[in-house]
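See below for the structure under consideration.
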Amino acid sequence: QKEVEQNSGPLSVPEGAIASLNCTYSDRGSQSFFWYRQYSGKSPELIMFIYSNGDKEDGRFTAQLNKASQYVSLLIRDSQPSDSATYLCAVLNSGYALNFGKGTSLLVTP
Amino acid sequence: DGGITQSPKYLFRKEGQNVTLSCEQNLNHDAMYWYRQDPGQGLRLIYYSQIVNDFQKGDIAEGYSVSREKKESFPLTVTSAQKNPTAFYLCASSIGYNYNEQFFGPGTRLTVL
């Protein structure tokens, strides 16, 4: 079974701080990695994807990928209360569908 | 507006009934997917379709059926054989098989009475 692991949290950070969300995966052959944000009762929203080792920045979000360590992370700079949500890490294993972690709950406190 | 629509938003089913969940997209995407989400759990793949008139089982296909007669539509039927159908059902689509960014519809919350 190919696993995607996330700390369930909740991760609590003060407003304006950097939130760091982490994800590990078991399939060394994985090529594509995604971060989704899911508000309570809503569907997941794609916020970042990364295919190559290193960092990818988009606004306040940075995705970091280390394939040797089988580790992908999401940094949220200048965290806002509106960032409070569950963040799902997803990994493309076999070319057709995503394997999701259970998500990390983030709480940004004013 | 381009997007993915799912209906109904809420659905209640009695024991032994089949129900069909609708998923429509106007993004001109070739690939479509059905996932199930249980509280505190990640999404699990039920079925996926790469092109019209073709679909494959995902990890938890038992008790479910699908059809893909049109590019825009990928309905999911939850049959009476699905023993624990209460869940949040999410439809997604992507440009194609080799384009991996998947976009989700708003979901259907199914409850068995």
Side-chain angles (χ1 to χ4, degrees), chain A residues 1-11 21-27 29-52 56 58 61 63 65 72 85-106, chain B residues 3-7 9-10 21 23 25 27 29-51 54-61 66 68 74 87-111:
Chain A
Q1 182 71 20
K2 297 170 181 174
E3 301 289 339
V4 178
E5 299 288 343
Q6 295 181 258
N7 189 321
S8 62
L11 173 66
L21 304 161
N22 304 315
C23 173
T24 59
Y25 59 94
S26 63
D27 183 5
S30 300
Q31 295 296 319
S32 307
F33 307 87
F34 304 84
W35 284 99
Y36 286 83
R37 177 176 62 199
Q38 187 174 26
Y39 293 111
S40 180
K42 303 296 185 182
S43 63
E45 173 192 8
L46 179 65
I47 55 173
M48 289 286 291
F49 59 88
I50 186 167
Y51 300 148
S52 304
K56 179 182 178 182
D58 184 1
F61 299 98
L65 174 61
V72 58
T86 296
Y87 289 80
L88 302 173
C89 174
V91 177
L92 189 72
N93 290 327
S94 51
Y96 61 84
L98 298 175
N99 190 10
F100 283 84
K102 295 181 179 180
T104 298
S105 175
L106 173 66
Chain B
I4 304 171
T5 58
Q6 292 186 242
S7 63
K9 186 174 181 179
Y10 299 98
L21 283 58
C23 177
Q25 54 96 2
L27 301 169
H29 285 177
D30 283 322
M32 298 186 73
Y33 313 82
W34 274 105
Y35 293 89
R36 166 182 173 145
Q37 187 176 35
D38 295 282
Q41 302 296 313
L43 281 67
R44 292 183 290 167
L45 181 67
I46 304 172
Y47 268 97
Y48 69 100
S49 169
Q50 300 171 35
I51 56 172
D54 183 62
F55 50 83
Q56 283 78 40
K57 293 181 179 180
D59 300 323
I60 56 165
V66 294
R68 186 84 187 278
F74 191 39
F88 189 36
Y89 289 86
L90 291 155
C91 179
S93 71
S94 62
I95 291 175
Y97 179 75
N98 290 322
Y99 292 85
N100 306 316
E101 296 94 77
Q102 293 183 19
F103 301 93
F104 285 86
T108 293
R109 199 166 295 278
L110 172 63
T111 302

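Heavy atoms only: backbone and side chains are in, while hydrogens, waters and symmetry mates are out. So you know, we letter chains A, B, ... as the sequences are listed, proteins then strands, and number each from 1.
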Counting only non-hydrogen atoms closer than 4.5 Å, does B:Q37 touch chain A with its backbone (N, CA, C, O), its side chain (CB onward), both, or neither?
side chain
Choice from A:E45, A:K102, A:K42, A:Q6 maximising heavy atom contacts with chain B below 4.5 Å:
A:K102
Interatomic spacing from CZ in B:F104 to OH in A:Y36 - rounded to 0.5 Å:
5.0 Å
Please report the closest heavy-atom contact between A:S43 and B:P106, naming both atoms and the distance.
OG-CA, 3.8 Å
Toward chain A, the part of B:L43 with a non-hydrogen atom under 4.5 Å
both
To the closest 0.5 Å, what do you measure between CG (A:L46) and OG (B:S94)?
11.5 Å
Does any backbone or side-chain atom of B:R44 lie under 4.5 Å from a heavy atom of chain A? Answer side chain, backbone, both or neither.
neither
Is A:Q38 in contact with chain B via its backbone, its side chain, both, or neither, using a 4.5 Å heavy-atom distance?
side chain
